[in-house]
Number of protein chains: 2
Amino acid sequence: MLQDTHFPKPVVAVDLVIFTVIDTTLKVFLIQRDSAPFDGLPCLPGGFVRTGEEGEGVEEAAWRVLQQKTQLPLEALYLEQLYTFGALDRDPRDRVISVSYLALIRQDLARYIPQDYRFQGQWYDVDSILQSPSISLAFDHHTIISYGYSRIAGKLEYTPIAFSLVPHTFTVSELRAIHEAIKGTSYDPSNFRRRFKRQLEDGVIVVADGKRITGARPAKVYRFLPATTGRE
Amino acid sequence: MLQDTHFPKPVVAVDLVIFTVIDTTLKVFLIQRDSAPFDGLPCLPGGFVRTGEEGEGVEEAAWRVLQQKTQLPLEALYLEQLYTFGALDRDPRDRVISVSYLALIRQDLARYIPQDYRFQGQWYDVDSILQSPSISLAFDHHTIISYGYSRIAGKLEYTPIAFSLVPHTFTVSELRAIHEAIKGTSYDPSNFRRRFKRQLEDGVIVVADGKRITGARPAKVYRFLPATTGRE
DNA sequence: TCAATAGTGTCTTTCAGACAGTATATA
DNA sequence: TATATACTGTCTGAAAGACACTATTGA
């Protein structure tokens with residue numbers, strides 16, 4: 001009905017900024033392009049939103065691409081819409097509007113992502129990527145990653161987003177390492193522990209069974225308690 | 001090149017959540033639909049993103065629609081992308097993906113918007129809209145307005161977004177009234193003034209000429225100093 | 001016993017909320 | 001002179017940054 005010639009339609013795609021923390025460093029998952037344009041350059045994993053008979057919602061498309069690339073159970077993954085990039089010239093071939101998403105993978109699961117074949121993707125240092133010139137990435141993907149980084153760094157302060165990067169159970173130090181990897185600074189262990197304890201009192205975190213032997217003295221293990229639906 | 005049958009394309013639209021404050025109340029600008037579906041129901045002003053020969057960027061489309069509806073100079077308007085809504089069934093006619101935007105109009109300019117003819121749009125109480133059932137608005141526009149409200153209420157605390165709603169010069173009370181209209185609560189005048197003064201010390205606000213006679217004692221007038229490009 | 005990490009306690013500053021009180025205009 | 005609004009000052013408690021200190025393990 002709306003499908004008349006008055007509105008020639010753009011292509012709509014999703015692009016994923018997938019972050020994880022490996023060895024105390026924030027990483028982003030990128031694919032290597034194997035054709036023009038930007039042949040050989042790294043780019044974000046993405047795909048077109050399916051329409052027509054086998055149509056899907058935009059978020060659905062993002063989940064599908066995420067699942068394709070990671071092969072991990074959806075429960076262990078975090079996904080959130082970032083921003084929609086719709087400049088006229090962002091794809092030299094055709095008009096493509098990209099809805100970008102931020103995805104997080106727990107550090108204990110990140111290594112299970114297949115990355116033997118480099119076109120399948122591999123983990124890059126976010127720091128290096130952001131410092132490199134934007135033309136070292138395909139399309140406007142440098143901008144998108146930069147946007148994704150701002151989002152996670154910002155949300156870190158006032159949301160439980162970091163819990164999507166630690167294993168199911170974790171120690172105070174492990175959580176702190178995540179924060180340090182993202183912000184690129186070191187936190188005072190004592191002050192970090194105090195904030196941690198407040199979350200424990202507030203019921204955001206609960207004590208888990210067992211202890212974790214990391215180096216010297218074994219540490220208490222905790223678990224994140226997802227928002228009980230009673231909250232506003 | 002990408003335009004082959006593998007990717008039938010959705011329609012891409014922009015929808016605008018235009019807020020202002022009138023008489024200490026937060027208002028949203030809505031149009032009345034005059035055809036099916038949702039005939040007669042209020043809906044957000046919006047339009048399709050132009051593609052093809054006379055194509056435009058998505059943000060460009062948002063500015064265009066904003067200009068069309070308000071007829072106000074762009075410098076006096078604030079526009080920011082909100083969220084992209086892309087559920088399969090959000091438009092009963094066809095597949096439409098909507099990129100929503102938050103727009104703010106200064107309270108002294110809001111009354112210049114043409115609203116004599118009701119299909120041209122009129123101001124609604126945001127509070128009433130949010131409390132009414134979502135089916136009293138066309139499409140998923142209740143959700144979009146709710147999203148827009150959350151955005152502005154959140155950003156109010158830690159960004160200079162409120163300055164886009166006051167006149168070019170303003171008093172402490174006027175700015176406080178904006179905050180109160182958005183949050184729906186009253187602020188302690190003394191404490192609000194303290195935060196205000198800090199922004200004055202930080203150079204975010206500067207003293208303007210003259211005084212404003214509102215009721216009893218005339219108040220000092222201030223002006224917002226937009227971020228100097230020297231900032232990070 | 002030493003090194004390393006886990007964990008506790010304290011001092012200081014900053015800032016928000018509550019609220020008492022003073023100043024200056026209009027009616 | 002009354003009163004409404006503008007504006008100042010103070011008390012309290014929550015929370016962050018800096019940092020000294022104790023505890024418990026493995027090597």
Side-chain angles (χ1 to χ4, degrees), chain A residues 21 23-24 107 153-160 162 166-167 169-223, chain B residues 21 23-24 107 153-160 162 166-167 169-223:
Chain A
V21 171
D23 296 337
T24 73
Q107 58 183 162
K155 277 206 160 187
L156 195 64
E157 322 265 347
Y158 62 99
T159 70
V166 279
T169 62
F170 52 88
T171 68
V172 180
S173 299
E174 281 167 355
L175 190 68
R176 179 162 53 86
I178 295 290
H179 281 249
E180 290 176 338
I182 295 173
K183 299 295 263 191
T185 55
S186 61
Y187 287 74
D188 182 287
S190 172
N191 295 333
F192 188 88
R193 183 178 299 274
R194 182 173 45 197
R195 287 199 315 188
F196 191 97
K197 275 187 158 174
R198 243 194 302 276
Q199 292 187 291
L200 196 65
E201 287 161 14
D202 294 352
V204 178
I205 294 167
V206 291
V207 180
D209 289 335
K211 295 207 167 195
R212 186 149 307 166
I213 297 113
T214 49
R217 173 178 167 184
K220 275 188 189 160
V221 177
Y222 300 89
R223 191 160 49 80
Chain B
V21 171
D23 295 337
T24 73
Q107 57 182 162
K155 277 204 160 189
L156 194 64
E157 323 265 348
Y158 62 98
T159 70
V166 278
T169 62
F170 51 88
T171 67
V172 181
S173 299
E174 282 167 354
L175 190 69
R176 179 163 52 86
I178 295 290
H179 281 249
E180 290 177 337
I182 295 172
K183 299 296 260 193
T185 55
S186 62
Y187 285 75
D188 182 285
S190 172
N191 296 333
F192 188 88
R193 184 177 300 273
R194 183 173 44 199
R195 286 200 314 189
F196 190 97
K197 274 187 156 172
R198 244 194 302 275
Q199 291 188 291
L200 195 66
E201 287 161 15
D202 295 352
V204 178
I205 294 167
V206 291
V207 180
D209 290 335
K211 294 208 168 193
R212 184 149 307 165
I213 297 115
T214 49
R217 174 178 168 184
K220 275 187 188 161
V221 177
Y222 301 88
R223 190 160 51 79

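Letters go in sequence order (proteins before strands), and every chain restarts at 1.
Comparing dT8(D), dT5(D), dT25(D) against the side chain of Lys197(B) picks out dT8(D) as the nearest. Here dA16(C) is the nucleotide among dA16(D), dC7(D), dA16(C) with the atom lying nearest to any side-chain atom of Arg198(B).
Contacts of Arg195(A) with the nucleic acid, taken as non-hydrogen atoms under 4.0 Å apart, involve only primed sugar atoms and P, OP1 or OP2. Among the heavy atoms of the strands lying under 4.0 Å from Ser173(A) are primed sugar atoms or P, OP1, OP2 only; no base atom is included.
Put simply, the side chain of Ser190(B) and the base of dT8(D) share a donor and an acceptor less than 3.5 Å apart. Counting atom types as modelled, Arg217(B) pairs a side-chain N or O with a base atom of dA6(D) as donor and acceptor under 3.5 Å. The base of dG17(D) lies close enough to the side chain of Arg194(A) for a donor and an acceptor atom to sit less than 3.5 Å apart. A donor N or O paired with an acceptor N or O is not found under 3.5 Å between the base of dA16(D) and the side-chain atoms of Asp188(A).
Using bins of under 30°, 30° to 60° and over 60° for the plane-to-plane angle, the ring pair Phe196(B)/Phe170(B) lands in the perpendicular bin.
Taking atom NE2 of His179(A) as the reference point, atom C1' of dA16(D) lies 15 Å away to the nearest angstrom. Taking atom CZ on Arg193(A) and atom P on dA15(D), their separation rounds to 19 Å, with Å as the unit. The distance between atom CG of Asn191(A) and atom P of dT8(C), rounded to the nearest whole Å, is 14 Å. At whole-Å resolution of the value, CZ in Phe192(A) and P in dA6(C) are 12 Å apart. The distance from atom CG of Leu200(A) to atom C1' of dA6(C) is 15 Å, rounded to the nearest whole Å. As rounded to whole Å, 8 Å separates atom P of dG17(D) from atom OH of Tyr187(A). In this structure, CZ of Phe196(B) is placed 19 Å from C1' of dG9(D), rounded to the nearest angstrom. Distance Arg212(B) CZ to dC7(D) C1': 17 Å, rounded to the nearest Å.
Just one residue in the list Thr169(B), Val172(B), Asp209(B) forms a side-chain contact (heavy atoms from CB on, under 4.5 Å) with Val221(B), and that residue is Thr169(B).
The minimum heavy-atom distance between Asn191(B) and Asp188(B), with the atom names listed, is N-OD1, 3.0 Å. Across Pro167(A) and Gln107(A), no two heavy atoms sit closer than the pair CD-OE1, 3.6 Å.
The CG atom of Leu175(A) sits 10.0 Å away from atom CD of Glu180(A), with the distance rounded to the nearest 0.5 Å.
Mapping Lys220(B) and Ala216(B) onto DNA chain D via the closest heavy atom, the residue that lands nearer the 5' end is Ala216(B).
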